[in-house]
Amino acid sequence: MSGIDSLPPLREVIATHGIAAKKALGQNFLLDLNLTARIARAAGKLAECDVLEIGPGPGGLTRGLLAEGARHVLAIEKDPRCLPALGEIAAAYPGRLTVIEGDALAVDPLAHLTPPIRVSANLPYNIGTELLVRWLTPPDWPPFWTSLTLMFQREVAQRIVAQPGDDAYGRLAILAQWRCEARIVLDLPPQAFSPPPKVSSSVVHLVALPEPRYPARPATLGRIVAAGFNQRRKMLRASLRGVAPEIEAHLRAVGIPPTERAEQVSIEAFCALARSIDGAAAG
Ligand code: SAM
């Protein structure tokens, strides 16, 4: 027994099922069930929510989510060696855990989930940013999820919550904060994982806003931000030259000095620039 439930401790689960960590699958497991329960709590109230978990591995976070009362957990795991251990958890929580064996980048989970839906995951680092960008850029807003509570390398977490003027401020901060509240809720040292990764990690909690903070067409905002930060040391009048005709006039019209660099410009100002460009294109 392990404290949060009647299942065996995770070290025993890993030994019983022969789940030696594989680097190629980004396997750094959390073995402390008190910690996984804490991460589960960071996702907010779970009782009336379905939870999508990517990469449950031997199931530490899965057990945290279920012990904290998640209505239903849908877990997508690529490594078939983990399935027997996850099957034992499903048996301990009848009807509340569904496991899909597959690649999270290829599986569409929506058929198996009922809103409200929260996403919680200790993500494999190699696909974490790609999944986050997908979740932040759905065809329509609000998205299918109400919150994302995700483990990242600390450097990526800092890019998500960065403010204008920070070294880490860029495309990811704007994507995340334009339509979400984003904050770091937990910092973890390498020793919290088995095996310990080379870098520290942080859990980021993002809550989807009902509407974007400032109006803008996502495609136009995306083009401006991509061009501005592709050449982040250049002045905007140069880095945005290819984005729209008369770019200097648009920058001035919305109060951005054309000599400014992207890393100093707020999300509000980028949105105003997008509207100015779209207004000129429409008119
Ligand atoms: N959630 C577990 C924990 O906290 O101990 C494991 C986290 S480990 C960092 C990442 C997990 O994602 C591993 O179990 C790995 O097998 C799985 N994984 C890796 N690539 C995946 C993919 N493309 N789709 C689904 N799962 C994947």
Side-chain angles (χ1 to χ4, degrees), residues 2 4-5 7-43 51-68 70 73-90 97-109 112-113 118-135 148-157 185-204:
S2 63
I4 67 165
D5 55 32
L7 291 157
L10 283 159
R11 272 186 206 288
E12 203 177 305
V13 171
I14 287 171
T16 306
H17 296 287
I19 317 175
K22 284 190 187 168
K23 209 172 171 183
L25 285 168
Q27 290 182 335
N28 301 99
F29 300 132
L30 290 167
L31 302 187
D32 177 349
L33 287 160
N34 292 314
L35 183 57
T36 61
R38 239 174 107 192
I39 296 169
R41 281 197 293 278
V51 180
L52 171 62
E53 185 192 359
I54 308 300
L61 180 57
T62 319
R63 286 165 63 175
L65 292 164
L66 290 163
E68 289 300 319
V73 176
L74 174 67
I76 304 175
E77 172 57 59
K78 194 172 177 181
D79 185 351
R81 297 178 309 157
C82 299
L83 299 190
L86 295 167
E88 289 173 4
I89 304 173
L97 172 62
T98 305
V99 180
I100 298 180
E101 181 191 343
D103 179 348
L105 293 171
V107 172
D108 177 4
H112 306 270
L113 291 164
R118 296 187 187 273
V119 180
S120 174
N122 174 14
L123 291 169
Y125 286 143
N126 55 343
I127 63 167
T129 313
E130 180 167 352
L131 281 171
L132 174 66
V133 170
R134 280 193 196 182
W135 287 326
L148 308 173
T149 309
L150 307 171
M151 182 88 68
F152 288 101
Q153 292 165 260
R154 186 156 310 155
E155 173 262 325
V156 176
V185 289
L186 198 61
D187 288 322
L188 294 174
Q191 304 75 2
F193 301 84
S194 175
K198 287 205 174 66
V199 293
S200 296
S201 302
S202 297
V203 177
V204 183

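When a ligand or atom number is given, it counts from 1 through the structure's own listing order. In this chain, numbering begins with 1 at the start of the sequence shown.
- Across every non-hydrogen atom of Ala157 and Val204, the tightest pair is CB-CG2, 3.5 Å.
- Taking CD of Glu130 as the reference point, atom CH2 of Trp135 lies at 11.0 Å (rounded to 0.5 Å).
- A donor-acceptor pair is defined here as one N or O able to donate and one able to accept, closer than 3.5 Å; no such pair exists between the side chain of Arg63 and the backbone of Thr36.
- For residues 73-89, the salt bridge (charged side-chain N to carboxylate O under 4.0 Å, His left out) pairs, not counting sequence neighbours, are Asp79-Arg81.
- Contacts of Asp103 classified as salt bridge (Lys or Arg N to Asp or Glu O under 4.0 Å), with partners at least two apart in sequence or in another chain: none.
- For Ala104, the side-chain contact (heavy atoms from CB on, under 4.5 Å) partners two or more places apart in sequence, or in a different chain, are Ile54, Ile76, Ile127, Leu131.
- A heavy-atom cutoff of 4.0 Å around ligand 1 is satisfied by the protein residues Leu25, Gly26, Gln27, Asn28, Phe29, Leu30, Glu53, Gly55, Pro56, Gly57, Ile76, Glu77, Lys78, Asp79, Gly102, Asp103, Ala104, Asn122, Leu123, Pro124, Ile127.
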